[in-house]
Amino acid sequence: MPQAAIDRSLRAILSDLGVVVSEIHLERPRDPSHGDLATNLALKVASELGRAPREVAEEIAQRLNLETAGVEAVEVAGPGFLNFRLSTRTVASVLNEIAAEDKDFGRSSEGRGRSVMVEFVSANPTGPLHLGHGRQAALGDAISSLLGWTGWKVHREYYYNDSGRQMDLLALSVRARYRALLGQEEPLPQDGYRGDYVLEVAEALSKEVGTRFLEDNSDQALEEIRNFAVQILRAEQDRDLSDFRVHFDEYFLESSLYKNGLVDKTIQDLRATGLVYQHEGATWLRTTEFGDQKDRVMIRTNGMPTYFLPDVAYHKNKWDRGFERVINVQGSDHHGTMARVRSGVRALGLPEGYPEYLLHQMVRVERDGQEVKFSKRAGSGVTLRELYEEVGVDVARYFFQMRKADAQLLFDLDMALDQSDKNPVYKVQYAHARMCSIFAKARVAPEEVAADVAHLELLREDLERELVKRLGEFPATVERAANQVSPHVLSDYLEQTAGFANSWYHAGNPTRSPQLAVLVEDEALRTARLALARAVQIVLRNGLVIMGIDAPTRMVRKRDQSVE
RNA sequence: GCCCUCGUAGCUCAGGUGGAUAGAGCGACUGCCUCCUAAGCAGUAGGCCACAGGUUCGAGUCCUGUCGAGGGCACCA
């Protein structure tokens, strides 16, 4: 990459000047007259050297070996910026790198094969997944993928509570519906689950067991009902996720923490720290020791643990399984658990800031400017499946990823259902498909497109240069998105890159400027442009792969909203 | 009351570590095309970056406060 050569040259000069700098920030200036790349380096180190920024910049510019840095010109501007104009050869050589690396272009090794766990979705099996889970599924999957591309060994995990009060509530809700179905009215419990899906489970139950649970109020009967309901609802969630192309390496049951004695072990270990005390009949942990706002109850007066205890046990277990880095993707309503869990595991000797959290805000859906609120089946909200069956999985995944997690997400159904370039998802996919259609028309296999530097130097149109530069930024963009745990950084890049690619393509429309078409008569130029199209294709495809979105070679428009 | 996140164009949102004239999409407006290189293309207008202070050569970005939106502050999950 051109950045790397300049970076090396600058570092050499700096060490001659006797300055150490951890990172050199090279950016693409907005204003093209400021060159292809710019750095504020001189401004940064000027004070350390006790010299004027412009003077330092001048000296760096003078010492720079243009040839080695792959630069055609360097100039000092403004308060002391260094602006670089890349040589055409440097710009062009990017395309060969992209073609050579192909499916791996954009991968890096920053993670050095270390393990990271991403825990996400983690919904309890009490009903269908809703939009919040969808956002989380898309975000968690994309983050996992980004980490994989930057050299981490990623473990996707789903944790769920298969015991406890919510489950009992579910069982009672199902039982009430089941009995009502068989003519014996039973009121839903307070805070019971009201969605139509509970009725579906009840119907299935009655088919399975007949009237067996009509009179039986035993705990054992209730547990059977619970297990039955959980099995059905878990299966439904699995289908919802799998059809959404989200898959996990491991499903972790809360109940296993009790079965394996990890909860008991945790409370013992905590007691050994001396941070545990009794107060008004409950057992507390002094989490304020680690900056929590108040101490937390671990075991209630009635002898039952709160959720805090298994949470700590679970995260200690993550650590013990070798995950020194863990990212929990959760709704921002879980904000309160963050300080608690971190304090709890710190008491057990784990490092500060473990685990990491990515909290996302709520999702709203709008149609015709009106908020869509209801799902009869789910009882409340809109289910994930309802959404992606209407707009398609690609669109749903993209929309969930295209905003930063800590901002609320407005899901605009009118935009989502638009099948033109106005829809960012299709814009990127069209751009990819257009590149594919060029190869089809030229009757060449994309893998066989090759051009040497002499050809590539012919790419002198502004749009072409701009495109090449952008394509070269793909690996750095993937890294930034991964480091910031922010998939929207990537979707933003793809959308803009697709925009440039589309403009480039349209510019060569036969009725406008046929000399700008990819498939021009001049064979050398044609070769060069095919190589550019190939690079665009690779970058867009790799980006979409990371996002978990199809990169179609041909777009087929759906006639209407009915299922294909 | 305390804590966290957010506040940028009419709308939805980007704005690497503080850097040069604050960007994109939608919508609006103006041209162009009816080509088959795709369900159009090109361009224009639109901003007190919520507000008030501060830090500094320089603030949308950092600090303090105010206002507004969302969420969290359980022996619930």
Side-chain angles (χ1 to χ4, degrees), chain A residues 22-23 25-27 29-31 33-34 38-40 43-44 46-47 52-53 77-81 83 124 126 161 164-167 169 191 254 279-284 293-294 296-308 311 331-340 357 359-362 364 366 369 402-412 414-415 418-424 426-427 430 433-434 437-438 441 476-477 479-481 483-484 486 488-489 491-493 495-496 499 502-512 514 516-519 554-558:
Chain A
S22 60
E23 200 177 337
H25 184 55
L26 279 168
E27 67 173 19
R30 290 187 230 288
D31 187 338
S33 74
H34 292 148
T39 181
N40 60 355
L43 293 150
K44 288 275 179 206
S47 62
F81 292 101
N83 294 338
N124 290 339
T126 56
N161 173 341
R165 191 164 155 272
Q166 295 305 314
M167 292 297 104
L169 215 49
D191 305 325
E254 188 201 11
H279 178 65
E280 292 180 349
T283 306
W284 297 68
Q293 286 192 299
K294 50 174 290 194
R296 305 293 173 177
V297 171
M298 294 191 303
I299 301 174
R300 294 182 260 169
T301 313
N302 65 9
M304 300 294 289
T306 61
Y307 250 56
F308 176 44
D311 272 354
S332 59
D333 55 334
H334 285 75
H335 175 256
T337 64
M338 203 165 90
R340 232 178 303 176
Y357 283 85
L359 301 181
H360 65 87
Q361 302 249 8
M362 54 182 273
R364 286 175 299 142
E366 263 187 23
M402 74 179 179
R403 303 290 183 227
K404 55 180 174 202
D406 53 12
Q408 293 178 26
L409 173 67
L410 180 69
F411 201 113
D412 182 343
D414 302 313
M415 168 98 65
D418 188 300
Q419 291 180 50
S420 73
D421 277 9
K422 288 175 190 169
N423 184 331
Y426 292 122
K427 179 175 175 178
Y430 275 124
R434 284 183 178 117
S437 78
I438 292 172
K441 189 169 176 194
T477 305
E479 263 183 57
R480 190 153 51 88
N483 291 340
Q484 294 180 5
S486 301
H488 81 273
V489 168
S491 62
D492 246 42
Y493 168 87
E495 192 182 337
Q496 284 179 32
N502 287 333
S503 293
W504 176 61
Y505 176 82
H506 287 307
N509 187 303
T511 60
R512 291 169 59 201
L516 293 180
V518 174
L519 303 178
R554 215 162 60 84
M555 296 296 281
V556 180
R557 188 182 195 191
K558 288 179 203 151

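Labels below follow one simple rule: chain letters A, B, ... track the order of the sequence lines, proteins then strands, and each chain is numbered from 1. All values below come from the heavy atoms of this structure, side chains included, with hydrogens, waters and symmetry mates left out.
Atom name P, nucleotides B:G40 and B:G25: the rounded distance is 15 Å, in whole Å. Nucleotides B:U30 and B:U64 place their P atoms 49 Å apart, quoted to the nearest Å. Comparing B:U17 with B:G60, their C1' atoms are spaced 15 Å from each other, to the whole Å. Going from the C1' atom of B:A38 to that of B:C33 covers 14 Å, rounded to whole Å. Nucleotides B:U8 and B:C13 place their C1' atoms 9 Å apart, quoted to the nearest Å.
Distance, A:E366 CD to B:G27 P: 16 Å, rounded to whole Å. If you measure from atom CE of A:M555 to atom P of B:G40, you get 13 Å, rounded to the nearest angstrom. One interatomic measurement links the two molecules: NZ of A:K441 to C1' of B:C36, which rounds to 9 Å at whole-angstrom precision. If you take CG of A:D412 and C1' of B:G25, they are 11 Å apart, rounded to a whole angstrom. Rounded to a whole Å, the CG atom of A:L409 is 14 Å from the C1' atom of B:C6. Per the geometry, NE2 belonging to A:H506 stands 6 Å off P belonging to B:A38, to the nearest Å. A:Q408 has its CD atom 12 Å from the P atom of B:A69, to the nearest Å. With rounding to whole Å, A:Q361 atom CD is found 10 Å from B:A69 atom C1'.
Nearest-nucleotide positions on RNA chain B for A:H279 and A:P514 put A:P514 closer to the 5' end. Residue A:L516 is the one, among A:L516 and A:E254, whose nearest nucleotide of RNA chain B lies closer to the 5' end (criterion: closest heavy atom).
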Hey, what are the protein-to-nucleotides 72-74 of chain B N/O distances that come in under 3.5 Å?
unit_1, atom_1, unit_2, atom_2, d
B:G72, O2', A:G336, N, 3.4

Contact list (N/O, under 3.5 angstrom) for nucleotides 14-24 of chain B vs protein:
unit_1, atom_1, unit_2, atom_2, d
B:A14, OP1, A:K404, N, 3.0
B:A14, O3', A:H488, NE2, 3.4
B:A14, O2', A:D492, OD2, 2.2
B:G15, OP1, A:H488, NE2, 2.7
B:U17, O4, A:H25, ND1, 2.4
B:A20, N6, A:N83, OD1, 2.7
B:A20, N1, A:N83, OD1, 3.3
B:A20, N1, A:N83, ND2, 3.2
B:U21, O4, A:D31, OD2, 2.9

All N/O pairs under 3.5 Å across the protein-nucleotides 29-34 of chain B interface:
none

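For B:G68, the O4'-C1' to base torsion is more than 90° from 0; the nucleotide is therefore anti.
As judged by a 4.0 angstrom heavy-atom cut-off over every strand, A:A476 is placed among residues making no nucleic acid contact. Nucleic acid contact for A:N124: sugar-phosphate only, since backbone atoms but no base atoms lie under 4.0 Å from a heavy atom of the residue. A:Q166 comes within 4.0 angstrom of sugar-phosphate atoms only, judged by non-hydrogen atoms across all strands, and of no base. Counting any heavy atom pair closer than 4.0 Å across all strands shown, A:T283 reaches no nucleic acid atom. Here A:D421 lies in heavy-atom contact (under 4.0 Å) with sugar-phosphate atoms only.
Side chain of A:T39 to main chain of A:H25: a donor-acceptor pair is present (N/O by atom type, distance under 3.5 Å, no hydrogens or angles). Put simply, the side chain of A:N124 never gets that close to the backbone of A:T126: no donor and acceptor are under 3.5 Å apart. Without hydrogens or angle criteria, A:N423 side chain to A:M415 main chain gives a donor-acceptor distance under 3.5 Å.
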Checklist line | Bracket string, RNA chain B, 5' to 3' - pairs by Watson-Crick or G-U geometry under 3.5 Å, | interstrand | finding: (((((((..((((.....[...)))).(((((.......))))).....(((((..]....))))))))))))....
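In the set B:A38, B:C75, B:A69, the nucleotide with an atom closest to the side chain of A:T306 is B:C75. Here the side chain of A:D406 is nearest to one of B:C26, B:U37, B:U5, namely B:U5.
Donor-acceptor pairing under 3.5 Å, judged by distance alone, is present between the side chain of A:Y430 and the base of B:A39.
A 4.5 Å side-chain heavy-atom check between A:F81 and A:P79 finds at least one atom pair inside the cut-off. With a 4.5 Å cut-off on side-chain heavy atoms, A:D311 and A:R340 do not count as touching. Between A:H506 and A:N509 there is no side-chain heavy-atom pair separated by less than 4.5 Å. Residues A:R165 and A:D191 form a side-chain contact, since some pair of their non-hydrogen atoms from C-beta on lies under 4.5 Å apart. Considering only heavy atoms from C-beta on, A:S486 stays 4.5 Å or farther from A:K404 through its side chain.
Every residue meeting the salt bridge (Lys or Arg N to Asp or Glu O under 4.0 Å) condition with A:R434, not counting sequence neighbours, appears here in chain and number order: A:D421. The side-chain contact (heavy atoms from CB on, under 4.5 Å) check on A:H335 picks up A:L359, with sequence neighbours excluded.
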Margin query: Applying side chain to side chain contact (heavy atoms under 4.5 Å, CB included) to A:H488 and A:R403, what does each step give before you reach the verdict?
Written below: CA-CA 5 Å; A:H488 81 273; A:R403 303 290 183 227; 5.6 Å; no
Checklist line | Test log, rule side-chain hydrogen bond (donor to acceptor under 3.5 Å, both in side chains), inputs A:S420 and A:D418 | finding: CA-CA 6 Å; A:S420 73; A:D418 188 300; 2.6 Å; yes
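A:P424 and A:M402 make their closest contact through CG-SD, 4.1 Å (heavy atoms, listed as atom of the first residue, atom of the second, distance). Counting all heavy atoms, side chain and backbone alike, A:M338 lies closest to A:Y357 at CG-CD1, 3.1 Å. A:P53 approaches A:L43 most closely through the heavy-atom pair CB-CD2, 3.8 Å. Scanning all heavy atoms of the two residues, the minimum distance from A:Y426 to A:M555 falls at CD2-CE, 3.5 Å.
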